[in-house]
Amino acid sequence: MNIQAILVSRFKTALASLDAADAAVPVSKSTRPEFGEYQFNGAMGLAKIKRCPPREVAQQILDAVELGDIADKCEIAGPGFINIHLSADWLAQQANATLHDPRVGVPAQPEQTIVVDYSAPNLAKEMHVGHLRSTIIGDAVAKTLGFMGHNVLRQNHMGDWGTQFGMLLAHLNDKLQANEVAETALSDLEDFYRAAKVRFDNEDGFADRAREYVVKLQGGDAQCLALWQNFIDVSIAHSEEVYHKLNVTLTRDDVMGESAYNHDLANVISELQAQGVAVEDAGAQVVFLDELADKNGKPAVYIVQKSGGGYLYATTDLAAIRYRKGQLNATRTLIFTDARQALHFKQTEIVARKAGFLAADDQYQHCPFGMMLGKDGKPFKTRTGGTVKLVDLLDEAVERASALLATRQNDFSADTLTQMAEQIGIGAVKYADLSKNRTTDYIFDWDAMLSFEGNTAPYLQYAFTRIQSIFGKAGVDISSCDAVIAVEASQEKSLVTKLLQYQDTLEQLVDDAAPHVLCTYLYELASLYMKFYEACPILKDDVSAEQKASRLAICALCSETMGHGLGLLGIATLDKM
């Protein structure tokens, strides 16, 4: 249920009756409980147009709006704010309708075919911490879009082409000639890449052989392509290991590497030339972008083909747009990369629209994200200054979670503790990232992310287990808890209101491609649940049977909502901790 949308609709109708159908309808959540649950803040703006006192306009709006079935009190405050106190009975009715609903009270949106382009590691190297944000942010958005009813097409635009592969294939061929097995030779991609680079820089004749391999690869030489495919298969297997650890939904079938567009690159150039979008300049094919001209009026230059005939990322990205529009019929594309590529994708979109590769109403959204920083405020590195492999980071998270669990009194088996450590450690790393605004940098802090206090995954996982333990003590199956919810105490009202704001949260997430709004919602939900738990006894002897049943039903709805939200983020829930 989207309470805010309901209120906006009611106020729109009221404003139309006051000959103000085009007026803004600013309905927002209240920041303090004494102001109710929602506020309408449009009277002041309308008062300027009508040239009336704001409180007088607010009273006119209040007289016209129909909220009797939703609110039990509306009041004018300050210069003209309208505070809306939702009806406890209405909230209870909506909560009862949501309990045990497989969709948690969230209706599906009209279906749209949406491409989500994320992760995109370079297969010449193992995944490192720089790939974490793209992978988990993109996956959370893809999962949520799918839940909201859209046809989601995951695209892993892996870097599997380019001049560096000549160097790598020459080195791999030498390894195979020495009777090494490809899987063994490529067991550590970082070492393999470094060794090939050393040979390229220092070994006589090796650089020339590497360039010959590039020509053969681009020319479709069968033996060279077989070597390349061997390299790709082993490299993808490394990525799959990371995806499995991270509990993300990318599979081998989602891989659509740069090489997949090779056959269309010449066609892209031909179409751009035919339409006069691309022109020759110093032997290269370029697009001059007046839209991005500098302060002197000089247009930005977007190169689509080098003077020697070679293609660039720009060409491949334009081919990807053509494929996604022409073959996949996507009307919205989301691309998750770091913010440093923002200009490139802005230029790409402009060129694609000039060429008609995108329709006017197609959405092409680059979703940039900030960097993961160490405590020194610099890009996160190993102690020796090297790149941190993502698999090593995740393994360390599990080890730290295991050590943390060892300090807490428990009677769990070794196997159970191992599983808990994996769920807590991986969840902590993911949530620490997802809970930050996508566009900002953030400080990576082991102690903060593994804390059982504050806005962390362990805190939410523990809150979830608290709910399960209540049902264990009550001897009630949570899935069959279908008592009638009654909203009486203020803590119950606050918690139920938050539970009914889940749809609003998910709609904002898919609109803005921003998982942090769901993290904030879940943290606020867990915090309100803890206040409810402390103020509203459930299993004490002096609690009536009706109160006990109602509060257990509220607990069940909270469990369902929290578990569902954490599932969209790809974070495991635990029945015990």
Side-chain angles (χ1 to χ4, degrees), residues 118-119 121 126-140 143 188 190 238-250 369-376 378-408 410 412 414-436 438 441-465 515-516 519 522-523 566-574 576-577:
Y118 64 108
S119 192
E126 286 189 49
M127 291 180 72
H128 55 77
V129 293
H131 297 116
L132 176 66
R133 302 207 76 186
S134 174
T135 302
I136 63 175
I137 294 172
D139 201 60
K143 285 179 179 174
D188 190 314
E190 296 296 324
H238 282 279
S239 299
E240 287 179 316
E241 178 187 356
V242 174
Y243 296 147
H244 177 72
K245 285 178 178 290
L246 279 173
N247 188 27
V248 301
T249 53
L250 281 172
F369 50 80
M371 298 179 67
M372 179 198 293
L373 306 176
K375 290 186 177 181
D376 59 0
K378 298 178 180 178
F380 191 71
K381 299 283 187 181
T382 64
R383 289 186 178 87
T384 58
T387 301
V388 180
K389 292 181 183 179
L390 190 45
V391 69
D392 291 343
L393 180 81
L394 299 178
D395 287 344
E396 183 173 353
V398 175
E399 290 173 6
R400 286 175 176 265
S402 181
L404 180 64
L405 288 173
T407 65
R408 300 171 70 90
N410 66 78
F412 299 125
D415 288 345
T416 299
L417 285 171
T418 297
Q419 184 179 17
M420 281 184 176
E422 291 175 356
Q423 294 170 327
I424 293 171
I426 301 298
V429 169
K430 292 183 70 173
Y431 189 86
D433 191 306
L434 293 170
S435 61
K436 307 302 187 296
R438 168 170 55 77
D441 297 339
Y442 78 98
I443 302 294
F444 188 89
D445 185 336
W446 283 116
D447 293 334
M449 70 177 60
L450 284 166
S451 173
F452 280 86
E453 298 178 359
N455 189 11
T456 67
Y459 173 77
L460 293 180
Q461 289 170 321
Y462 181 63
F464 183 86
T465 62
H516 79 275
C519 295
L522 292 173
Y523 174 61
L566 288 170
L568 292 179
L569 297 174
I571 294 174
T573 55
L574 297 83
K576 296 180 180 180
M577 281 182 74

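Numbers here are sequence positions counted from 1.
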With sequence neighbours excluded, residues passing side chain to side chain contact (heavy atoms under 4.5 Å, CB included) with Met372: Val129, Leu132, Phe380, Tyr442, Phe444
One pair to check against side chain to side chain contact (heavy atoms under 4.5 Å, CB included): Thr456 and Met449. What are the steps and the verdict? CA-CA 6 Å; Thr456 67; Met449 70 177 60; 5.7 Å; no
Would you name the heavy atoms of Leu434 and Ile136 that are closest together and state the gap between them? CD2-O, 3.6 Å
Is there a side-chain contact between Asn247 and Ile426 in this structure, where contact means two heavy atoms from C-beta onward sitting under 4.5 Å apart? no
Across all chains, not counting sequence neighbours, the side chain to side chain contact (heavy atoms under 4.5 Å, CB included) partners of His128 are His131, Thr387
Once ring pair (Phe, Tyr, Trp, His ring centres under 6.0 Å) is applied, do any residues pair with Tyr243, and if so which ones, sequence neighbours excluded? none
Quick one: salt bridge (Lys or Arg N to Asp or Glu O under 4.0 Å) pairs with a partner in residues 241-250, sequence neighbours left out? Lys245-Asp395
All pairs passing salt bridge (Lys or Arg N to Asp or Glu O under 4.0 Å) where residues 443-464 contributes a residue, at least two apart: Lys375-Asp445
All ring pair (Phe, Tyr, Trp, His ring centres under 6.0 Å) counterparts of Tyr459, not counting sequence neighbours: Tyr523
Check the pair Lys378, Leu373 against side chain to side chain contact (heavy atoms under 4.5 Å, CB included), reporting the backbone distance first and the verdict last. CA-CA 5 Å; Lys378 298 178 180 178; Leu373 306 176; 5.9 Å; no
Residues passing the salt bridge (Lys or Arg N to Asp or Glu O under 4.0 Å) test with Lys436, sequence neighbours excluded, are none
Main-chain N/O of Tyr462 paired with Thr465 side-chain donor or acceptor, under 3.5 Å: yes
Smallest separation among heavy atoms of Ser119 and Ser134, with atom names: N-OG, 2.7 Å
Output all residues satisfying ring pair (Phe, Tyr, Trp, His ring centres under 6.0 Å) with His238, sequence neighbours left out; order by chain, then residue number. none
Looking at every heavy atom in both Leu250 and Asp139, which two are closest together, and how far apart are they? N-OD1, 4.1 Å
With Leu404 via side chain to side chain contact (heavy atoms under 4.5 Å, CB included) - residues at least two apart: Thr407, Leu450, Phe452
Start with the C-alpha gap between Leu390 and Leu246, add the side-chain angles, then the distance that decides, and say whether side chain to side chain contact (heavy atoms under 4.5 Å, CB included) holds. CA-CA 10 Å; Leu390 190 45; Leu246 279 173; 4.2 Å; yes
Are side-chain heavy atoms of Met577 and Gln461 found at a separation under 4.5 Å? yes
Salt bridge (Lys or Arg N to Asp or Glu O under 4.0 Å) involving Glu399 - partner list, sequence neighbours excluded: none
Mind checking whether Met127 and Val391 have side chains closer than 4.5 Å, heavy atoms only? no
The reported gap from CD1 in Ile137 to NE2 in His516 (rounded to nearest 0.5 angstrom) is 10.5 Å
Which heavy-atom pair separates Cys519 from Leu569 by the least distance, and what is that distance? SG-CD1, 3.8 Å
With sequence neighbours excluded, what pairs up with Arg438 under the salt bridge (Lys or Arg N to Asp or Glu O under 4.0 Å) test? none
Name each donor-acceptor pair under 3.5 Å that joins a side chain in residues 417-424 to protein atoms two or more places apart or in another chain, with its distance.
| from | atom 1 | to | atom 2 | distance (Å) |
| --- | --- | --- | --- | --- |
| Thr418 | OG1 | Ala414 | O | 2.9 |

Check whether any side-chain heavy atom of Leu460 sits under 4.5 Å from a side-chain heavy atom of Tyr431, and report yes or no. yes
Non-hydrogen atoms of Ser239 and Pro121 that approach each other most closely: OG-CG, 3.9 Å
